[in-house]
Enquirer: 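Here it is, the structure in full.
All heavy atoms count here, side chains included; hydrogens, waters and symmetry mates do not. Both ligands and their constituent atoms are indexed starting at 1 by order of listing.
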Amino acid sequence: MSISLLTLDDLRDVERRQASVLESGTLMERAGQDIASRLERELPPKGRVTILCGTGNNGGDGFTAARCLKARGHDVICVLVGGDEPKAEDAKRAFAAWQAVGGKTVREPDSLGKADIVVDAMLGIGGDRPIRGEILDATIWYNVQNSLKVSIDVPTGLNAETGNWNGRIQGCRSDMTIALLSAHAGLFMNEGRDAAGHVCLSELDVSIPLPLQGLIDEADYGHILEPRPHFCHKGTWGTAAIVGGDDGKIGAAILASRAALRLGAGRVKTEFLASDAPAVDPGCPELMIAESPLDLASFSALVVGPGMGTGEKSVKRLLDAIHCEDTPLVLDADALTILAEKPELQEELLTRRAMTVLTPHPLEAAKLLRNKVEEVQSNRIFWARELALQTGAAIVLKGTGTVVSLRSGHAWVNPTGSAALATAGTGDVLSGMIGSFIAQGYDLTTAVLGAVWLHGAAAQCATMPVLADELSSRAATALGMLRRAKLRWAEAGSDPLSSVGTIALQPGQLAPAPVEMIGKVRH
Ligand SMILES: NC(=O)C1=CN([C@@H]2O[C@H](COP(=O)(O)OP(=O)(O)OC[C@H]3O[C@@H](n4cnc5c(N)ncnc54)[C@H](OP(=O)(O)O)[C@@H]3O)[C@@H](O)[C@H]2O)[C@@H](O)CC1
Ligand SMILES: Nc1ncnc2c1ncn2[C@@H]1O[C@H](COP(=O)(O)OP(=O)(O)O)[C@@H](O)[C@H]1O
Ligand SMILES: [K+]
């Protein structure tokens with residue numbers, strides 16, 4: 001969790017604490033300098049920049065960046081949006097300083113010529129209402145500019161914590177967002193991911209508290225990248241059982257089973273619930289297909305639910321699995337539907353000794369929480385935590401910006417993944433991958449965070465939907481390449497710029513960073 005995601009309350013606390021140790025305006029000055037330095041990398045000499053400034057401190061950052069860019073020889077115009085003058089104290093000072101250097105400010109952008117960069121500094125973390133009036137007009141203008149579009153801190157109109165548009169009114173859609181002090185969860189979730197574009201972070205040289213939530217990164221899943229020792233056999237890597245595949249849905253269990261095998265489980269046995277199940281998977285003869293019900297307690301990990309159906313037989317098998325109290329259990333798909341319909345089974349989850357992982361998509365989560373899907377999506381981290389408390393399980397709330405939450409309250413947002421995953425069966429693959437890593441003996445957080453991250457990373461470069469079965473092959477290939485790259489670096493000390501498949505890597509770094517650090521970096 002090396003990229004923290006501070007909540008708005010955390011940010012306001014940091015702000016208050018800094019106010020007592022730093023001269024007022026210090027953070028805004030640092031923000032303006034860092035923003036100007038980053039923008040300058042995208043500008044020609046004497047580049048043209050238009051900055052839309054709101055009346056709060058987000059606008060103050062805009063005026064400060066304008067002054068810094070002007071001092072570096074660029075042609076900058078500010079547009080004051082939403083009032084005749086800034087309201088916030090630091091912003092008033094930033095505006096005065098901009099005027100003092102002869103900076104030009106207008107009240108509406110329509111008559112301005114094309115700029116190389118347009119900057120949205122209208123609303124930041126203080127923007128908590130649907131946009132309207134002048135801000136909405138300026139947003140509409142911003143969104144049609146054929147220039148590089150950069151938001152400061154948060155795209156205007158976006159809720160920085162949840163990634164939803166305030167009041168569902170669409171705000172600024174940017175190519176880049178420069179977050180200040182800390183990254184915000186909303187930049188990686190729901191509509192926020194498209195609105196934010198490439199995320200940069202300036203920590204403003206401020207040390208921030210360790211929060212309970214962050215982005216999944218190498219520090220969390222690094223163990224799965226360790227090379228296997230030579231001295232091992234298939235038994236070393238565990239045996240996973242996949243239970244599912246009722247009539248008409250056999251494919252779901254096959255997808256999960258193949259994924260478990262490809263990602264490294266020593267053996268995988270599949271128990272179909274269908275009456276006419278095949279005796280062999282011709283596309284993957286390595287799978288062992290059970291001819292009679294499996295002794296579930298004898299496995300290293302159970303994955304129950306893909307294509308399982310919700311009939312009597314399925315309920316009984318789910319109960320059998322829950323009762324294997326010492327066997328790690330991943331519940332997906334139909335198993336979650338049964339759990340939602342039979343809350344008494346959720347009670348039984350709470351008393352299990354081994355780990356349980358639930359992998360709901362938003363609708364499944366809503367049913368388990370007895371809530372509406374819109375409500376779950378309106379605050380994904382909150383509801384993932386609630387579900388973890390309700391069930392005692394680790395929760396993988398899938399979707400754009402998958403959230404993983406533990407009962408302890410720790411939560412992670414996954415920065416990998418793309419719309420290429422929006423195709424049938426990719427969730428089955430994820431549950432198989434999680435089961436595989438658990439069967440291999442990785443601890444709960446490594447197994448879950450590693451699987452979620454890799455599942456997304458394997459689809460990230462795809463421009464078309466990835467067929468689910470192809471996804472697990474891609475994930476296995478990516479894992480192998482990452483392991484090799486890590487081995488090379490370990491042997492060579494440090495390596496020149498390297499490339500793993502389509503993922504471009506820097507020395508010492510095993511995956512593309514989800515956030516570009518700018519300004520003074522404290523690590
Ligand atoms: N945290 C830090 O330490 C640092 C923070 N910094 C910067 O400060 C930014 C936060 O500044 P901020 O608190 O002044 O809020 P901001 O986002 O400018 O909004 C201002 C005003 O907008 C208004 N408003 C809200 N919704 C609205 C709507 N829909 N339509 C119209 N108006 C609306 C609302 O007005 P009110 O409710 O008071 O009427 C509010 O007062 C932060 O994102 C970062 O850029 C950095 O300088 C460095 C360090
Ligand atoms: N637009 C998207 N961006 C990122 N990930 C996505 C997107 N759409 C779907 N996914 C991922 O694809 C998977 C779909 O799972 P699920 O809905 O259970 O599908 P299925 O039941 O067909 O297997 C989840 O891991 C989800 O996070
Ligand atoms: K903004």
Enquirer: Distance under 4.0 Å to a non-hydrogen atom of G425: what atoms of ligand 2 satisfy this?
Expert: 20 (P), 22 (O), 23 (O)
Enquirer: Salt bridge or not for K372 and E375, using N-O below 4.0 Å?
Expert: no
Enquirer: Counting heavy atoms only, which of L204, D61, V81 is nearest atom 45 (O) of ligand 1?
Expert: D61
Enquirer: Salt bridge check: are D9 and R12 linked by an N-O gap of less than 4.0 Å?
Expert: no
Enquirer: So which bit of P130 gets within less than 4.0 Å of ligand 1, heavy atoms only: side chain, backbone, both or neither?
Expert: backbone
Enquirer: So is G127 in contact with ligand 1, going by heavy-atom distances below 4.0 Å?
Expert: yes
Enquirer: Give me the nearest non-hydrogen protein atom to atom 14 (C) of ligand 2 as residue plus atom name, then the distance to 0.1 Å.
Expert: T426 OG1, 3.2 Å
Enquirer: Should D428 and K249 count as an ion pair when the cut-off is N to O under 4.0 Å?
Expert: no
Enquirer: N/O of I125 under 3.5 Å from N/O of ligand 1, yes or no?
Expert: yes
Enquirer: Of the side chain and backbone of L181, name the one, both, or neither that has a heavy atom under 4.0 Å from an atom of ligand 1.
Expert: side chain
Enquirer: Where is the nearest protein heavy atom to atom 3 (O) of ligand 1: which residue, which atom, and how far?
Expert: E15 CG, 3.0 Å
Enquirer: Taking 4.0 Å as the limit for heavy-atom contacts, which would you say applies to K398 with ligand 2: side chain only, backbone only, both, or neither?
Expert: both
Enquirer: Can you check whether a protein heavy atom sits less than 4.0 angstrom from atom 38 (O) of ligand 1?
Expert: no
Enquirer: With a 4.0 Å cut-off on heavy atoms, does S418 reach ligand 2?
Expert: yes
Enquirer: Do any N/O/S atoms of I152 come under 3.4 Å of the K ion (ligand 3)?
Expert: yes
Enquirer: At what distance is the nearest protein heavy atom to atom 6 (C) of ligand 2, and which residue and atom is it?
Expert: L421 CB, 3.7 Å
Enquirer: Measuring from atom 24 (N) of ligand 1, which candidate in L123, N166, L136, I178 has the nearest non-hydrogen atom?
Expert: L123
Enquirer: What do you reckon, does L430 have a nitrogen or oxygen under 3.5 Å from a nitrogen or oxygen of ligand 2?
Expert: no
Enquirer: To which protein heavy atom is atom 23 (O) of ligand 2 closest, and what is the distance rounded to 0.1 Å?
Expert: G427 N, 2.7 Å
Enquirer: What residue and heavy atom of the protein are closest to atom 32 (N) of ligand 1, and at what distance?
Expert: R129 NH2, 3.5 Å
Enquirer: Between W98 (side chain) and A66 (backbone), is there a donor-acceptor pair under 3.5 Å?
Expert: no
Enquirer: Among protein heavy atoms, which sits nearest to atom 15 (O) of ligand 1, and what does the distance come to when rounded to 0.1 Å?
Expert: G126 CA, 3.3 Å
Enquirer: Is the closest heavy atom of E364 to ligand 2 under 4.0 Å?
Expert: no
Enquirer: Is T177 close enough to the K ion (ligand 3) that one of its N, O or S atoms comes in under 3.4 Å?
Expert: no
Enquirer: Is G399 in polar range of ligand 2, meaning some N or O pair under 3.5 Å apart?
Expert: yes
Enquirer: Is the closest basic N to carboxylate O distance between D469 and R262 below 4.0 Å?
Expert: yes
Enquirer: So, 4.0 Å and heavy atoms of R12: is ligand 1 close enough to count as a contact?
Expert: yes
Enquirer: Before signing off on this row, confirm whether T402 and ligand 2 have an N or O atom pair separated by under 3.5 Å.
Expert: yes
Enquirer: Heavy-atom contacts under 4.0 Å between N58 and ligand 1: side chain, backbone, both, or neither?
Expert: both
Enquirer: Roughly, to 10 degrees, what angle do D120 atom OD2 and V154 atom O form around the K ion (ligand 3)?
Expert: 80°
Enquirer: Going from CD on Q145 to CG on L52, what distance comes out if it is rounded to the nearest 0.5 angstrom?
Expert: 8.5 Å
Enquirer: Would you check the N or O atoms of D332, main chain and side chain alike, for any that come under 3.5 Å of an N or O of ligand 2?
Expert: no
Enquirer: Can we say E29 and R67 salt-bridge, meaning some charged N sits less than 4.0 Å from an Asp/Glu carboxylate O?
Expert: yes
Enquirer: I need the nearest protein heavy-atom contact for atom 43 (O) of ligand 1: residue, atom name and distance, please.
Expert: D153 OD2, 2.6 Å
